[in-house]
Amino acid sequence: MATVLIPSGNQHFPVQDYDLDATLNSGQVFRWREYGESWCGVIGSRWVRLCANDRSIYAETANPVSDWSWLTRYLQLELNIGSVLATFPVDEPMQAATAACRGLRLLRQDPWECLASFILSSSKQIVQIQQIVSLLCERYGERISVLPGYRPAHAFPSATRLGQLTETDLRGCKMGFRAAYLLETAHALAAGLFDLARLDSLSVDDARAELMRLPGVGRKIADCVLLFAYGFQSAFPVDVWVMRALRQLYFTGRSVSPKRLHRFAAEHFGPNAGYAQQYLFHYMRTGDVQRTKAKARVAKANGA
DNA sequence: TACCAGGAGAGCG
DNA sequence: CGCTCTCATGGT
């Protein structure tokens, strides 16, 4: 008797060293909401609810799924995190950061959504970015189905859709001066003047240079997109938090220019510098770095 | 109230 | 190259 594969809307994925909470809450993505023990979000045109424990991630969707590769790719479930951590320098700050953020991962996001989100991120706090992106999707994204009892969900609006709007429409989503940048970038993509898919085939430096041609995209935002959407793991976004982390942990608090920090990052952190950056960012932002330093002071006081 | 936020771009010397 | 200013809005 032939086995029939019946598409189902739920699936278990075994995992190891995967901290879903930290991963979805580490400033690399802005669309996930926590519901008690689970997270709800949208990947492409699919709504999904994720529930994690030490050994597995359980996924539920609103519609039956026969091929889960969209999810395994997004969550990077096939990645052996140990092989990444093994490339990190063995110094005190990285030891502390990787210990404090064990299981923190990088996602593989959709390039357009990632690009648009980070254009909106400039000089904004993470809670505000979430608010802006949420408004944008609710107003202009296509409605998608969710499991009974959950809040309505929307896909991220396409570049074509955003390109049809006015700057006033976008400013209505609280994005301020970023509206013009987002609109112009949407126009460039919608008109076919810029091809995000082509960046895959370029070197990291060429891909970065291409992204930086877009309005509202400088070095930092380009590096975020390279790292979070394309998987260029040497890309090293330097924002205020990472700047502070590097100064404090590697330059005895001295002021160092972003240019020098990029050179230091490439030399010191190696081929997965971007991954190391995410650990430092999260370590800094969660305040764990302060606790580690406090412990060190106590230990030193006791020892002396 | 003042300051800051996962910055970029323009103008200046 | 490096510095400074502005842009819009809300959190702390």
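Residue numbers start from 1 in every chain, and the chains themselves are labelled A, B, ... in the order their sequence lines are given, proteins ahead of strands. Note that the structure is predicted; figures quoted are calculated from it, not measured.
Residue-level contact check: A/Gln278 touches the bases, meaning some heavy atom is under 4.0 Å from a base atom. Residue A/Ser26 is classed as a base contact, given a heavy-atom separation below 4.0 Å to a base. A/Phe228 comes within 4.0 angstrom of a nucleotide base, judged by non-hydrogen atoms across all strands.
Within a 6.0 Å radius of CD in A/Gln16, no more than 12 heavy atoms belonging to other residues, nucleotides or ligands are found. By the neighbour-count criterion of 12 heavy atoms within 6.0 Å, atom CG of A/Asp195 is densely surrounded, having more than that number from other residues, nucleotides or ligands. In A/Lys220, the NZ atom is crowded: over 12 heavy atoms of neighbouring residues, nucleotides or ligands sit closer than 6.0 Å.
With hydrophobic clusters built from ILVMFWY side chains whose heavy atoms lie under 4.5 angstrom apart, A/Leu182 shares a cluster with A/Phe194. Hydrophobic cluster membership is shared by A/Leu214 and A/Leu226, with clusters built from Ile, Leu, Val, Met, Phe, Trp and Tyr side chains linked at under 4.5 angstrom.
A side-chain donor from one of A/Ser26 and A/Gln278 sits under 3.5 Å from a side-chain acceptor of the other.
Aromatic stacking of A/Trp241 on B/dG6: not satisfied for centres closer than 5.5 Å together with planes under 30 degrees.
Remark: P of B/dG6 and CG of A/Asn25 are 12 Å apart, rounded to the nearest angstrom. The nearest whole Å value for the distance from the CZ atom in A/Arg31 to the C1' atom in B/dG6 is 19 Å. The interatomic distance linking A/Leu24 (CG) with B/dG6 (P) rounds to 18 Å, in whole Å. Distance CZ (A/Arg285) to P (B/dG6): 7 Å, rounded to an integer number of Å.
The stretch residues 208-226 of chain A has no heavy atom under 4.0 Å from DNA chain C, so no residue of it qualifies as close. Scanning residues 101-115 of chain A for heavy-atom distances under 4.0 Å to DNA chain B yields an empty list.
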Atom pairs under 3.5 Å, N or O on each side, protein against nucleotides 10-13 of chain B: can you list them with distances?
none

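Taking the ring-ring contact (aromatic ring centres under 6.0 Å, His included) definition, one finds that A/Tyr150 meets it with A/Tyr35, A/Trp47, sequence neighbours left out. Residues forming a salt bridge (Lys or Arg N to Asp or Glu O under 4.0 Å) with A/Arg102 (at least two apart in sequence, or on another chain): A/Asp17.
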TODO: Spell out protein contact along nucleotides 1-12 of chain C as letters: B when the base is contacted, S when just the sugar-phosphate is, - when no protein heavy atom is under 4.0 Å; keep the 5' to 3' order.
DONE: S-----BBBBS-

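Here the CZ-CG distance, from A/Phe228 to A/Leu107, works out to 9.0 Å after rounding to the nearest 0.5 Å.
A ring-centre distance under 6.0 Å is found for A/Phe269 and A/Tyr250.
A heavy-atom distance below 4.5 Å is not found between the side chains of A/Phe118 and A/Pro237.
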